[in-house]
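What's counted below: heavy atoms across the whole structure, side chains too, no hydrogens, waters or symmetry copies. Whatever order the structure lists ligands and atoms in, that order sets their numbers, starting from 1. All figures in this text were calculated on a predicted structure; none of them were measured in a lab.
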Amino acid sequence: MAAVRPRGPNILVTGTPGTGKTTVSEHLAQLTGLKYINVGQLATDLNLFDGYDNELQCPIIDEDRVIDEMEDDLSAGGNIVDYHGCEFFPERWFDIIFVLRTDNSILYDRLENRGYRGQKLESNLQCEIFQTILDEARESYKTEIVHELQSNTSEQLEQNIEQVQMWINQWKAQHGQ
Ligand code: DAT
């Protein structure tokens, strides 16, 4: 049976760092009134870390504590969640998953602009080349709720925002909201 979500659908926007999750999610939250949850930022704000990943050169989030922190919001519904991973979230949380994808050369420039260098830059590019996050999403959720979106250009950004908005409106109509 479908979950009851009084505040609207829960959407996960995932993908390799630099593919545009924050950009698209913040726009969507503004346009729709859904709550934006940036999981990396939440972990930083509340210091929910559990070690350090030497390969990706970033702290490892404490998944159990992050889930505890998010549970009330996700149970109520109406959230846009932004994170570069997806397999540790409870499957029941999400109504739809969007996996953003970016061509290598474009992603390289975005990550370099962000100050990524060496191993950190390489590991993130490999993550995109091997479609690691898309595979993770397909393995962790029903494939029919996992959608790949190309995120190379500002035109595609606009199209993606429009597509997700349309989906939200449809969901609300179907659920009498
Ligand atoms: P993420 O949250 O996935 O790490 P971001 O939203 O911070 O990514 O975007 C990284 C950079 O790329 C940022 O400068 C905005 C830009 N960007 C994002 N999506 C884009 C798109 N579809 N077209 C052009 N630039 C984009």
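Atom 4 (O) of ligand 1 has its nearest heavy-atom neighbour, among H27, H84, R114, R110, in R114.
The presence of a protein heavy atom under 4.0 Å from atom 19 (N) of ligand 1 is confirmed.
The N/O atoms of P17, backbone and side chain alike, include none that comes under 3.5 Å of an N/O atom in ligand 1. No N or O atom of Q156 sits closer than 3.5 Å to an N or O atom of ligand 1. In terms of polar-atom proximity, S151 is counted as a contact of ligand 1, with an N or O under 3.5 Å from an N or O of the ligand.
Y83 places no side-chain N or O within donor-acceptor distance of the main-chain N or O of N38, the cut-off being under 3.5 Å. Although no hydrogens or angles enter the test, the distance criterion places no donor-acceptor pair under 3.5 Å between the side chain of K120 and the main chain of E55.
Between the side chains of Q41 and D45, at least one donor N or O lies within less than 3.5 Å of an accepting N or O. No side-chain N or O of E26 forms a donor-acceptor pair with one of T22 less than 3.5 Å apart. For the residue pair S140/E87, the side-chain donor-acceptor check at 3.5 Å is not satisfied.
In the vicinity of T23, heavy-atom distances shorter than 4.0 Å reach the ligand 1 atoms 5 (P), 6 (O), 9 (O), 15 (C), 18 (C). When each atom of ligand 1 is checked for a heavy atom of T153 under 4.0 Å away, the hits are 21 (C), 22 (N), 23 (N), 24 (C).
Alongside Y116, the hydrophobic cluster contains L107, Y108, L111, L121, L125 (criterion: ILVMFWY side chains under 4.5 Å).
Within the 4.0 Å heavy-atom shell around ligand 1 one does not find G15.
Looking only at protein heavy atoms, the nearest one to atom 8 (O) of ligand 1 is G20 N, 3.1 Å.
The part of N152 lying near ligand 1 is the backbone, judged by heavy-atom distances below 4.0 Å.
Taking a cutoff of 4.0 Å between a charged side-chain nitrogen and a carboxylate oxygen, E71 and R92 qualify as a salt bridge.
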